[in-house]
Visitor: 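Attaching a single structure in structure tokens format; questions to follow.
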Amino acid sequence: MACVSPDIVLIRSRLLAWYDAHARSLPWRAAVGAARTEPYRVWLSEVMLQQTTVPHATPYFHAFTTRWPTVSDLAAAEDAEVMGAWAGLGYYARARNLLACARAVAGEHGGVFPDTEAGLLALPGVGAYTAAAVASIAFDRAANVVDGNVERVMARLFAVETPVPAARPELRRLAGLFVTDERPGDWAQALMDLGATVCRPKSPSCGACPVASECLGLASGDPARFPLKTKKADRPHRRGTAYVLVDDQGRIAVETRPDKGLLGGMLGLPTSDWTTDAPSGAAPIDADWCEAGAIEHVFTHFSLTLTVMTARGEADGLWRWMPVEAARAALPTVFAKALDRATVEPDLFS
DNA sequence: TAGGCGTGGGG
DNA sequence: TCCCCAAGCCT
């Protein structure tokens, strides 16, 4: 009864038929039967969706496409505008590369995206996945689109026992078995929709899966076991201090962080180093500092306890001073939390 | 190449 | 509460 080997052709036809009936309606996706989505919108959505959920990315997609309707509009934007608009979405190197890519398209390609996988791959912030996704979805080119969803679907269909990340080359090879010139963009999106809605990481709904009969993982009795993973190291903890310095006009001291590294290129509060040991170092300026408490924040590779100090001060030339509402909107989440904590201090902004 | 790089939601 | 994780890319 259980299949011995997944039938590639059968899986393709079943999954494309399932996609025709069950494709998700997403803001960056053309309606069924409509013209293809513009490359700009495909690219923008793909970058926003890197390691990011659809609900989180969606309002940002609307904000960006409203404010910058074309790639040339985006290319002409100020760095600080784009970084501020990205605040809260995370992985801020994406925003720096987004702008660099828009400017490359506007400046070196006449405002038109390259229409080949190789051409796309040469752009900043466009890796193997995004190049393949844009080539297939926007330009209808056959491409092997492999993201986390596709890896999971392949690992289950073929019951791959090698754990990731070691299994990645094999999972990519398996995904490549399905790539043809027939509806390449729909195939890529069908596979990702299946992974997102049916072949989910936890509790997959195999009863709703159009290719369950071909799945060796299901036949094994425990499809959720795939893909196997190697255990990752524990996350270290760091401590630091952030400073909220307020002048008599309700503005706060801020800085633009260096382009490289954590929160690179983003607006930030004055801060100590964040270290494994107890926080050390002097305040950025001499003032009557008051401790407003602490906030907890978790980054990808460490967690952080940030003590928040507040003081009134005079505007000077050492810091940039920004109205608190404007700063709040443009700060990455860790600093927005710290600022919110500071506002519990009575009279700080009065 | 393995590690740096955010955030918020769900089990 | 904690752990996992979501359409990766860069160095």
Side-chain angles (χ1 to χ4, degrees), chain A residues 24 26-29 37 41-61 83 86-98 100-101 120-138 143-153 164-166 168-169 172 175 185 187-197 199-204 224 227 229-238 257-266 268 274 295-304 306 331-337:
Chain A
R24 287 178 294 173
L26 299 170
W28 44 83
R29 186 175 276 181
T37 302
R41 296 167 67 87
V42 176
W43 161 75
L44 180 63
S45 66
E46 292 300 342
V47 173
M48 287 184 168
L49 288 165
Q50 290 166 9
Q51 301 290 287
T52 304
T53 59
V54 166
H56 195 186
T58 295
Y60 287 84
F61 180 80
M83 300 309 288
W86 197 275
L89 198 52
Y91 284 136
Y92 299 102
R94 292 185 294 172
R96 299 194 301 276
N97 286 329
L98 189 83
C101 182
L120 290 159
L121 192 56
L123 295 168
V126 176
Y129 163 75
T130 303
V134 175
S136 64
I137 297 169
N144 193 12
V145 181
V146 184
D147 71 339
N149 288 306
V150 176
E151 287 181 350
R152 183 171 57 258
V153 171
V164 287
R168 294 247 155 81
R172 167 171 292 278
W187 171 252
Q189 293 179 95
L191 212 42
M192 291 190 284
D193 271 24
L194 186 79
T197 66
C199 197
R200 296 178 300 247
K202 300 171 185 175
S203 61
K229 306 206 170 179
T230 54
K231 187 167 172 283
K232 55 189 88 155
D234 289 343
R235 209 186 329 255
H237 186 262
R238 297 183 193 173
R257 296 172 61 87
D259 269 347
K260 302 281 184 188
L262 188 72
L263 309 175
M266 293 298 289
W274 300 345
I295 60 102
E296 301 290 334
H297 193 76
V298 180
F299 294 97
T300 305
H301 56 296
F302 68 94
S303 57
L304 175 70
L306 200 55
L331 285 167
T333 299
V334 62
F335 289 127
K337 280 189 194 174

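Bear in mind that the values here come from a model prediction, so they are computed numbers and not experimental data.
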Visitor: If you only use heavy atoms from C-beta on, which nucleotide in B:dG6, C:dG8, C:dT11 is closest to the side chain of A:Lys260?
Guide: C:dT11
Visitor: Describe the nucleic acid contact of A:Val47 in one word from base, sugar-phosphate, nothing, applying a heavy-atom distance below 4.0 Å.
Guide: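 No contact.
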Visitor: How close or far is atom P of C:dC2 from atom NZ of A:Lys232, stated in whole angstroms?
Guide: 17 Å
Visitor: Taking only side-chain N and O atoms of A:Gln50, does any of them lie within less than 4.0 angstrom of OP1 or OP2 on C:dG8?
Guide: no
Visitor: Assign A:Val150 to base, sugar-phosphate, or nothing according to its heavy-atom contacts below 4.0 angstrom with the strands shown.
Guide: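 A:Val150: no heavy atom of the nucleic acid under 4.0 Å.
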Visitor: A:Asn97 CG to B:dG4 C1': how many Å, rounded?
Guide: 14 Å
Visitor: Using a 4.0 Å heavy-atom cut-off across all strands, classify A:Arg152 as base, sugar-phosphate, or nothing.
Guide: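 It contacts sugar-phosphate atoms only.
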Visitor: Measure the distance from CH2 on A:Trp274 to C1' on B:dG4 and round it to the nearest whole Å.
Guide: 14 Å
Visitor: Within the modelled atom types, does a donor on one side and an acceptor on the other bring the side chain of A:Thr52 and the base of B:dG6 under 3.5 Å apart?
Guide: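 Yes, a donor-acceptor pair under 3.5 Å.
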Visitor: From A:Met266 CE over to A:Thr333 OG1, what is the distance, rounded to the nearest 0.5 angstrom?
Guide: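 Separation between the atoms: 8.5 Å.
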Visitor: Starting at CG of A:Leu89 and ending at C1' of B:dC5, how long is that distance when rounded to a whole Å?
Guide: 13 Å
Visitor: Contact class for A:Pro332 (heavy atom, under 4.0 Å): base, sugar-phosphate, or nothing?
Guide: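 Counting heavy atoms under 4.0 Å across all strands, the contact made by A:Pro332 is with sugar-phosphate only.
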Visitor: Using a heavy-atom cut-off of under 4.0 Å over every strand shown, decide if A:Trp86 touches base, sugar-phosphate, or nothing.
Guide: nothing
Visitor: Select base, sugar-phosphate, or nothing to describe what A:Leu26 touches, counting heavy atoms under 4.0 Å on all strands.
Guide: base
Visitor: Consider only side-chain N and O atoms of A:Tyr129 and A:Glu46, and report whether a donor and an acceptor are under 3.5 Å apart.
Guide: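 Short answer, yes.
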Visitor: Should A:Tyr92 be listed as having a side-chain N or O under 4.0 Å from OP1 or OP2 of B:dT7?
Guide: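 Yes, because at least one side-chain N or O of A:Tyr92 sits under 4.0 Å from OP1 or OP2 of B:dT7.
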Visitor: Reckon A:Gly261 touches a base, only the sugar-phosphate, or nothing at all at heavy-atom distances under 4.0 Å?
Guide: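 If one applies the 4.0 Å heavy-atom cut-off, A:Gly261 turns out to touch the sugar-phosphate alone, with no base involved.
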Visitor: For A:Lys229 and for A:Val146, locate the closest nucleotide of DNA chain C by heavy-atom distance; then report the residue assigned to the nucleotide nearer the 5' terminus.
Guide: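 Taking each residue's closest nucleotide, the earlier one in sequence belongs to A:Lys229.
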Visitor: Report yes if the distance between the aromatic ring centroids of A:His297 and A:Phe299 is under 6.0 Å, otherwise no.
Guide: yes
Visitor: Would you mind classifying the nucleic acid contact of A:Gly88 as base, sugar-phosphate or nothing, using non-hydrogen atoms under 4.0 angstrom?
Guide: sugar-phosphate
Visitor: Closest-nucleotide mapping onto DNA chain C: is A:Ser45 or A:Gly125 further toward the 5' terminus? I mean the 5' end.
Guide: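 Nearest nucleotide further toward 5': that of A:Ser45.
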Visitor: OP1, OP2 of B:dG9 versus side-chain N and O of A:His56: anything below 4.0 Å?
Guide: no
Visitor: Taking only the side-chain nitrogens and oxygens of A:His301, find out if one of them lies under 4.0 Å from OP1 or OP2 of B:dG4.
Guide: no
Visitor: Check every strand shown and say whether A:Lys337 touches a base, only sugar-phosphate, or nothing at a heavy-atom separation below 4.0 Å.
Guide: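 No contact at all - A:Lys337 keeps every heavy atom at 4.0 Å or more from the nucleic acid.
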Visitor: Closest approach of A:Met48 and A:Leu89, non-hydrogen atoms and distance?
Guide: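 Here A:Met48 and A:Leu89 meet closest at CG-CD2, 4.1 Å.
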Visitor: For a quick test of reading the model, state the closest non-hydrogen atom pair linking A:Thr230 to A:Pro165 and the distance between them.
Guide: OG1-CD, 3.7 Å
Visitor: Are any of the side-chain heavy atoms of A:Tyr91 and A:Thr300 separated by less than 4.5 Å?
Guide: yes
Visitor: Between C:dA6 and B:dC5, how far apart are the two C1' atoms, rounded to whole Å?
Guide: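 15 Å, rounded to whole Å.
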Visitor: Going by atom types only, do A:Arg94 and A:Gln50 share a side-chain donor-acceptor pair under 3.5 Å?
Guide: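 No donor-acceptor contact under 3.5 Å links the two side chains.
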Visitor: Find which nucleotide of DNA chain B each of A:Lys202 and A:Leu262 is nearest to by heavy atoms, and output the residue with the more 5' nucleotide.
Guide: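 By nearest-heavy-atom nucleotide position, the 5'-most residue is A:Leu262.
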Visitor: Quick one: the side chain of A:Thr53 and the base of B:dG9, do they pair up donor-acceptor inside 3.5 Å?
Guide: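 In this structure, the two groups form no donor-acceptor pair.
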Visitor: In terms of the nearest nucleotide of DNA chain B, which residue is placed more toward the 5' end: A:Pro165 or A:Thr300?
Guide: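 With A:Pro165 and A:Thr300 compared, the 5'-side residue is A:Pro165.
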Visitor: Calculate the interatomic distance between A:Arg168 atom CZ and B:dA2 atom P; express it in whole Å.
Guide: 11 Å
Visitor: Which part of the nucleic acid does A:Ala128 contact within heavy-atom distance under 4.0 Å: base, sugar-phosphate only, or nothing?
Guide: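 A:Ala128: backbone/sugar contact only, no base atoms under 4.0 Å.
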Visitor: Could you state the CG-P distance from A:Leu304 to B:dC5, rounded to the nearest angstrom?
Guide: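 For the pair A:Leu304 CG and B:dC5 P, the rounded distance is 13 Å.
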Visitor: Give A:Ser203 one of three labels, base, sugar-phosphate or nothing, depending on what nucleic acid heavy atoms sit under 4.0 Å from its own.
Guide: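 A:Ser203: no heavy atom of the nucleic acid under 4.0 Å.
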Visitor: Counting the atoms with a prime plus P, OP1 and OP2 as sugar-phosphate, which does A:Leu263 contact under 4.0 Å by heavy atoms, base, sugar-phosphate, or nothing?
Guide: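 Sugar-phosphate contact only - A:Leu263 comes under 4.0 Å of backbone atoms but never of a base.
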Visitor: Check the distance between B:dT7's P and A:Met266's CE and give it to me in whole angstrom.
Guide: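 The answer, rounded to whole Å, is 8 Å.
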Visitor: Pick the P atom in B:dG8 and in C:dC9, then give their distance to the nearest Å.
Guide: 22 Å
Visitor: What integer distance in Å separates A:Leu49:CG from C:dC9:P?
Guide: 12 Å
